[in-house]
Protein chains: 2
Amino acid sequence: MIGTAYIVDDDEAIRDALTWLFKSRMVASRAWHSAEAFLADWRNDLRGCLVLDVRMEGMSGLELFDFLSEQGSHMPVIFLSGHGDIPLAVAAVKKGAFDFVEKPFNDNELVDRVIQALAFDASRQVRRAGQASLDARIGQLTPREREVMARILDGKYNKVIADELNIAMRTVEVHRARIFEKMGVKSAVELAQLLSGRR
Amino acid sequence: MIGTAYIVDDDEAIRDALTWLFKSRMVASRAWHSAEAFLADWRNDLRGCLVLDVRMEGMSGLELFDFLSEQGSHMPVIFLSGHGDIPLAVAAVKKGAFDFVEKPFNDNELVDRVIQALAFDASRQVRRAGQASLDARIGQLTPREREVMARILDGKYNKVIADELNIAMRTVEVHRARIFEKMGVKSAVELAQLLSGRR
DNA sequence: TGCCGGGTTGCGGATATCCACAATGGCTGC
DNA sequence: GCAGCCATTGTGGATATCCGCAACCCGGCA
């Protein structure tokens, strides 16, 4: 299994129980006693899922979740709650929490959810990969090439682009060729497909 | 306000209270005593939102929600629940419910949520409109034109398309022109932009 | 000062696309 | 059977795109 379950709970008994539980099901895990302690070790490139206690001293699990979301993290989060607080659960899920589990929880079900979350994160990473390589390719375009590309994506003729940029058609052609080369496509249509949704 | 709040609850007191409440806030509403009764009047082109009791005799609110989803409905749904059942609430929200409110509910808050749901549905309808006109345009393409269009979107040259379909290049050109005309674009790139995401 | 990358341009030819005009064959419905 | 839609093809010319080859200008850098 790829990825680790990051446990944050102020109850040592729970931490120990979860750690042991995950170990028994071959799921890598690591535990912290507070959101603050966890954040000290946090890096945005970690792979896995979070298992957060909703209510904790200091920063709550929900606040931690919000904070990480703001930081651009999309790691799936499974909340553990000891209270039957529906508005809280609904709010968490609406904000994008992966799941919300009541204590006491069924051990097997929880691990199953965690494994689902890990798998989800793994597949998300795969999608990000293509995304990132695309960004990398866009990144190596020169400013001028980007100007030309924008106009190509508007479906404009080279002639029109040349007029708009006050340069010769031949120059546009050169840029166009370089853009296609750098972006790894061989036609404007492919370029449009590749960048559909972006911009 | 555009759209109606469709209430389904087997408790007459609740139905009356909600009807009166909505009326006082100028929100159009209509109420049914069961999911089955509601379905008898259901049409997929209704505008508004649903306010469903989770637990009812016969088909439950959750089942009704699932059924409507299967039927392709995307009308926002606000659940009302008299029980503090977190798994149920979480499951409903994960499936796309707009909200999940516990009874007894705060009148004003509920109406606010309903109004949010109505606004959400209204904006969704606007997006659907463009979508629908696009479908309509695709719909008036002949089968052959669709074959050609698929290949155009692959960035293939007319010559290649002609070979693949065993027809003359000229024929492909004709199809291509008709496709552009029917789809209301003037280049393959625009076509790709228009259809990005679909297919 | 010399090298290098980015932006620019010209020339000329091979390919492709865009289109008007014109026409044939098949199938469907009245 | 005729009208109408769809698919098909041809001719020929105007435009565009695609590219190799060659070259110039400029600013940053060793």
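No hydrogens, no waters, no symmetry mates; every other heavy atom, side chains included, goes into these values. The sequence lines fix the lettering, A, B, ..., with proteins before strands; numbering per chain opens at 1.
One can place CG of A:D163 at 12 Å from P of C:dT9, the figure rounded to the nearest angstrom. Atom C1' of nucleotide C:dG7 and atom CZ of A:R146 are separated by 15 Å, given to the nearest angstrom. Put simply, CD on B:E173 is 7 Å from C1' on C:dC18, counting in whole angstrom units. In this structure, A:I179 atom CD1 and D:dC18 atom P are separated by 11 Å, rounded to whole Å. Residue B:K186 contributes atom NZ, which lies 13 Å from atom C1' of C:dC18 at whole-angstrom precision.
Considering only side-chain atoms of B:Y157, the nucleotide from C:dT8, D:dT8, C:dA16 that sits closest is C:dA16. If you check C:dT8, D:dT9, C:dC18 against the side chain of A:I167, the one that comes closest is C:dT8. Among C:dT8, C:dT17, D:dT9, the nucleotide with an atom closest to any side-chain atom of B:M169 is C:dT17.
With hydrogens and angles left out, the side chain of B:E145 and the base of D:dC6 share no donor-acceptor pair within 3.5 Å.
Between D:dT17 and A:N158, a contact under 4.0 Å exists linking OP1 or OP2 to a side-chain N or O. Taking only side-chain nitrogens and oxygens, B:T142 never comes nearer than 4.0 Å to OP1 or OP2 of D:dC5. One finds a side-chain N or O of B:H175 lying less than 4.0 angstrom from the OP1 or OP2 phosphate oxygen of D:dT8.
Residue contacts for B:T171: at a heavy-atom cut-off of 4.0 Å it reaches a base atom on one of the strands shown. Residue-level contact check: B:R170 touches the bases, meaning some heavy atom is under 4.0 Å from a base atom.
Using a 30° and 60° split on the angle between ring planes, A:Y6 and A:F38 fall in the tilted class, from 30° to 60°. A tilted orientation is assigned to the rings of A:F100 and A:F79, their planes being inclined by 30° to 60°.
Mapping B:V172 and A:R176 onto DNA chain D by nearest heavy atom places B:V172 at the nucleotide closer to the 5' end. Remark on DNA chain C: of its neighbouring residues B:S187 and A:R178, the 5'-side contact belongs to A:R178, judged by nearest-heavy-atom nucleotide. A residue-by-residue look at B:N166 and B:Q140 shows that B:Q140 has its nearest nucleotide of DNA chain D further toward the 5' end.
With A:V51 as the partner, the side-chain contact (heavy atoms from CB on, under 4.5 Å) test is satisfied by one option alone out of A:L18, A:D9, A:V8: A:L18. Under the side-chain contact (heavy atoms from CB on, under 4.5 Å) rule, A:K103 has a single partner from A:D53, A:V54, A:L110, which is A:D53. Partner of B:W32 under the side-chain contact (heavy atoms from CB on, under 4.5 Å) criterion, chosen from B:L39, B:D41, B:I7: B:D41.
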